[in-house]
2 protein chains.
Amino acid sequence: MHGVNVSAITSPLVWEHVQPAAARRLLTGAIDAFAERGFQATTTRDIASRAGMSPAALYVHYPSKERLLFEISRYGHQAALDVLRDADSGDSPAERLRSMVEAFTAWHAEHHTIARVVQYELAALTPEHLAEVATIRRAISAQIEQVLSDGVADGSLAVDDLPGTTLAVLSLSIDVARWYTPHRGDPAALGKLYAELAQRMVQT
Amino acid sequence: MHGVNVSAITSPLVWEHVQPAAARRLLTGAIDAFAERGFQATTTRDIASRAGMSPAALYVHYPSKERLLFEISRYGHQAALDVLRDADSGDSPAERLRSMVEAFTAWHAEHHTIARVVQYELAALTPEHLAEVATIRRAISAQIEQVLSDGVADGSLAVDDLPGTTLAVLSLSIDVARWYTPHRGDPAALGKLYAELAQRMVQT
DNA sequence: GTCTATATGTGGATAGAC
DNA sequence: GTCTATCCACATATAGAC
């Protein structure tokens, strides 16, 4: 089944479930604005203007700027987790790891705007909303830890420090959201490079 | 010479050169505040209050909040570059890489507050100030690229994609600033783990 | 060099018409 | 559901006394 989800890696995120269209324009405008300037530096006027509306119209669709961030963060976290789970396929822990790192890395490059919001705006969430996305973050981490753990169990992977190596593998992909711009190469190639580097980190 | 700079890795940053003491209290207060909340969410009142002063007193020592950020960013970037250069020692490219990754990673953990400001607040700098720190950033990148390049030249390291691997190695250490807190283990041990992982990435 | 007081701008959010 | 107009809080920065 390896490679079956390649289309999911490179296809744009789908927002049709956000209705009506005005709410969707606000959401996508907010993603761009938050990714460019950060949550705190983004004004509701900026978001509304990107959606072609007056500032007041925003509050018909969202009760606050933070709620807009939360919707983005929750959806983005879930999308990242889905990509990772869909990529967890292969005949060995090593193959599964390659596939997951490839997909997770490519997702962070392809969707670097929403990924930036997901990874760098956690501090702007309310405690309740942060707790909700933290649950998804733990599932993401557990997904990587499981495959490494499976590799240790069957002796096919060499992992001295399981939590430390889990974090390092995740970290490599996540940091893509910080530095990636389209001129730095295409997401698929980056995914393949990082899959190779990650496998080398843990090979026996 | 390996290990000679261990004290530099774990010693606190030295701020004696910032005079008078009030200016230094403002600077260290700003580092803590920027690291906790981000530049945009930090108020001059918060910074002044951490330094035990009224908001107005800040402007005797710094002309703006941005200037305070710039001083922190410039000094932090230079400190990170110095750590990397001091660690560039060893008899082979592999040893030099290990030493550099160990020191650079441990620095980002030990000094995660200033490292967070250095790595995540670039967008808040004026274009002129950003250009100045970007020069230091290029030197940091060049330092890693050089050792990988030397390893390729003498056949001791296996690097398929030199710019991509350079970025990946740097990225792993830099991302430590995002997630590190003291309860996640000690900086020296993390440095050793990451040195091992980086070496595995490029070993023949 | 530090204070109190304040000028000036701006941002999140609301009121009420259409 | 969108608009114009605006409230109100707060933030950067300055003025002027001590």
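All heavy atoms count here, side chains included; hydrogens, waters and symmetry mates do not. Convention: sequence-line order gives letters A, B, ...; per-chain numbering from 1.
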May I ask you to check whether B/Arg137 and B/Gln119 show a side-chain donor-acceptor distance below 3.5 Å? yes
Quick one, which residues of residues 28-38 of chain B touch DNA chain D with a heavy atom under 4.0 Å? none
Spacing between B/Tyr62 atom OH and D/dT12 atom C1', to the nearest angstrom: 17 Å
In this structure, how many angstroms lie between the C1' atom of C/dA13 and the CE atom of A/Met53, rounded? 16 Å
Would you find a donor on one side and an acceptor on the other, under 3.5 Å apart, between the side chain of A/Arg200 and the backbone of B/Gln203? yes
Taking B/Leu162's backbone N and O only, do any of them form a donor-acceptor pair with B/Thr165's side chain (distance below 3.5 Å, no angle check)? no
Any side-chain to backbone donor/acceptor pair from B/Tyr62 onto B/Ala23? Under 3.5 Å, distance only. yes
What is the distance from CZ of A/Arg25 to C1' of D/dT2, rounded to the nearest Å? 11 Å
Assign A/Thr43 to base, sugar-phosphate, or nothing according to its heavy-atom contacts below 4.0 angstrom with the strands shown. sugar-phosphate
Length of the CG-C1' vector between A/Leu26 and D/dC3, whole Å: 14 Å
Whole angstrom value for the distance that separates C1' of D/dT2 from CG of A/Leu58: 12 Å
Looking at A/Glu196 and A/Arg98, does any basic side-chain N land under 4.0 Å from a carboxylate oxygen? yes
Sugar-phosphate atoms are those with a prime plus P, OP1 and OP2; base atoms are the rest. Using that split, label each nucleotide of nucleotides 13-18 of chain D B, S or - for protein heavy atoms under 4.0 Å, 5' to 3'. BBB---
Quick check: do A/Leu172 and A/Asp175 have side-chain heavy atoms less than 4.5 Å from each other? no
Are side-chain heavy atoms of B/Phe70 and B/Thr126 found at a separation under 4.5 Å? no
Please give, in whole Å, the distance from C/dT10 P to A/Asp46 CG? 14 Å
Just wondering, do A/Arg116 and A/His112 contact through their side chains at under 4.5 Å, heavy atoms? yes
Separation of atom CD in A/Gln40 from atom P in D/dC10, rounded to whole Å: 14 Å
Do A/Ile47 and A/Phe34 have side chains that get closer than 4.5 Å, going by heavy atoms? yes
